[in-house]
Amino acid sequence: MNVGAGAGSYEPDHLEVTAVEPSATMRAQRPAGAAPAVDAVAEDLPFGDRAFDAALASFTIHQWRDLRGGLREVRRVARGPVVILTCDPAALERSWLTDYAPQMIATEASRYPRIADVRSGLGGTVTVEQLPIPLACVDGFSEAYYGRPEALLDPGARRANSAWSFVSENAVEAFERTLRADLASGAWDGRYGHLRTQPTFDGSLRLIVGRP
Ligand SMILES: C[S@@+](CC[C@H](N)C(=O)[O-])C[C@H]1O[C@@H](n2cnc3c(N)ncnc32)[C@H](O)[C@@H]1O
């Protein structure tokens, strides 16, 4: 089961998958041939106990209304591992964006649940692994641009991360102005230029695997 499946990014296509996605807009974006998507929420899954070999929840738990209830349900319907891709709010400040877009980082940090709460919600044996972010990461979350600051001057790139939509227009303008000026003056490169060639960044990305 892939819960909070969205359009199906990261959904394995070599396995038999049931997707769960409450948003009709997202379900409509699923490509032809993608696994069938059930209209349901994590907190109330319409499946029997231990119905699936495993469950995946990628970049979704921060949107659930009831994290604990959702994790209990996901654990109930999966016989095997529950795999969660999320961000550790405590690690978001590692990014240079903390200096340039503090409001955005604060918004992000307030949206993501604490890793300890995910651990306790899953119960059983839980491992938490830090996932290194590659320099040319094709997913558009903010830390993906850790070594490509110019990209975040493009409003289109920022739109890929909904956290920006919670930031005031003034703060976005200040971000653009300051970053543009620091890139032109070399101030950004003076502090963070080493990131342009650093192959990976240890940021907030976490792979959490819960086993019964
Ligand atoms: C940022 S998208 C991630 C989609 C996909 N998993 C991915 O990694 O690309 C988050 C998804 O979680 C869904 N979602 C929000 N609340 C949910 C809930 N309570 N139960 C299940 N899915 C939920 C949203 O509709 C959205 O499609």
Side-chain angles (χ1 to χ4, degrees), residues 1-48 51-78 81-89 92 97 104-105 107-115 117-118 121-122 128-134 136-145 152 156-167 203-210:
M1 175 186 67
N2 182 18
V3 60
S9 317
Y10 309 113
E11 200 166 281
D13 55 10
H14 61 292
L15 299 172
E16 190 186 328
V17 174
T18 296
V20 174
E21 175 49 57
S23 155
T25 312
M26 295 306 286
R27 288 198 304 275
Q29 287 174 28
R30 293 176 62 77
V38 176
D39 177 7
V41 289
E43 296 88 333
D44 186 14
L45 293 169
F47 310 113
F52 299 98
D53 291 320
L56 169 69
S58 113
F59 283 120
T60 179
I61 59 170
H62 61 290
Q63 295 187 11
W64 298 358
R65 288 227 175 99
D66 171 10
L67 175 72
R68 225 178 158 76
L71 292 174
R72 194 185 315 118
E73 273 291 89
V74 174
R75 183 64 283 165
R76 178 183 68 76
V77 303
V82 172
V83 177
I84 296 173
L85 184 64
T86 188
C87 290
D88 179 353
L92 278 164
L97 279 162
M104 195 279 284
I105 292 291
T107 305
E108 282 280 73
S110 66
R111 291 167 86 205
Y112 283 102
R114 293 181 329 135
I115 299 297
D117 293 340
V118 182
L122 279 172
V128 180
E129 197 184 325
Q130 177 167 293
L131 284 192
I133 300 162
C137 186
V138 291
D139 199 316
F141 60 97
S142 299
E143 286 172 311
Y145 297 107
L152 282 175
R158 292 198 301 267
R159 269 196 294 277
N161 182 346
S162 54
W164 286 99
S165 65
F166 298 102
V167 174
S204 67
L205 210 54
R206 298 290 180 273
L207 187 70
I208 305 177
V209 180

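Order of appearance sets the numbers: ligands from 1, and atoms from 1 within every ligand. For the numbers below, each heavy atom of this structure counts, side chains included, while hydrogens, waters and symmetry mates do not.
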*Ignoring hydrogens and angles, state whether a donor on the side chain of D88 or S204 is under 3.5 Å from an acceptor on the partner side chain.*
no
*Mind checking ring-ring contact (aromatic ring centres under 6.0 Å, His included) for W64 and listing every partner two or more places apart, or none if nothing turns up?*
none
*asked:* Taking the side chain as everything from C-beta on, heavy atoms only, tell me whether L71 gets closer than 4.5 Å to I84.
replied: yes
_Any pair counted as side-chain hydrogen bond (donor to acceptor under 3.5 Å, both in side chains), so long as it reaches residues 12-25, sequence neighbours left out_ = none
*Write out the protein residues near ligand 1, meaning a non-hydrogen atom under 4.0 Å from one of its atoms, in order of chain and number.*
G4, A5, G6, S9, Y10, E21, P22, S23, M26, V41, A42, E43, S58, F59, T60, Q63, W64
For residues 1-10, which side-chain N or O atoms pair as donor and acceptor with protein atoms under 3.5 Å away, sequence neighbours left out?
residue, atom, partner, partner atom, Å
N2, ND2, E11, OE1, 2.7
Y10, OH, D139, OD2, 2.1

*Polar side chain donor-acceptor pair, S165 to R159, under 3.5 angstrom*: no
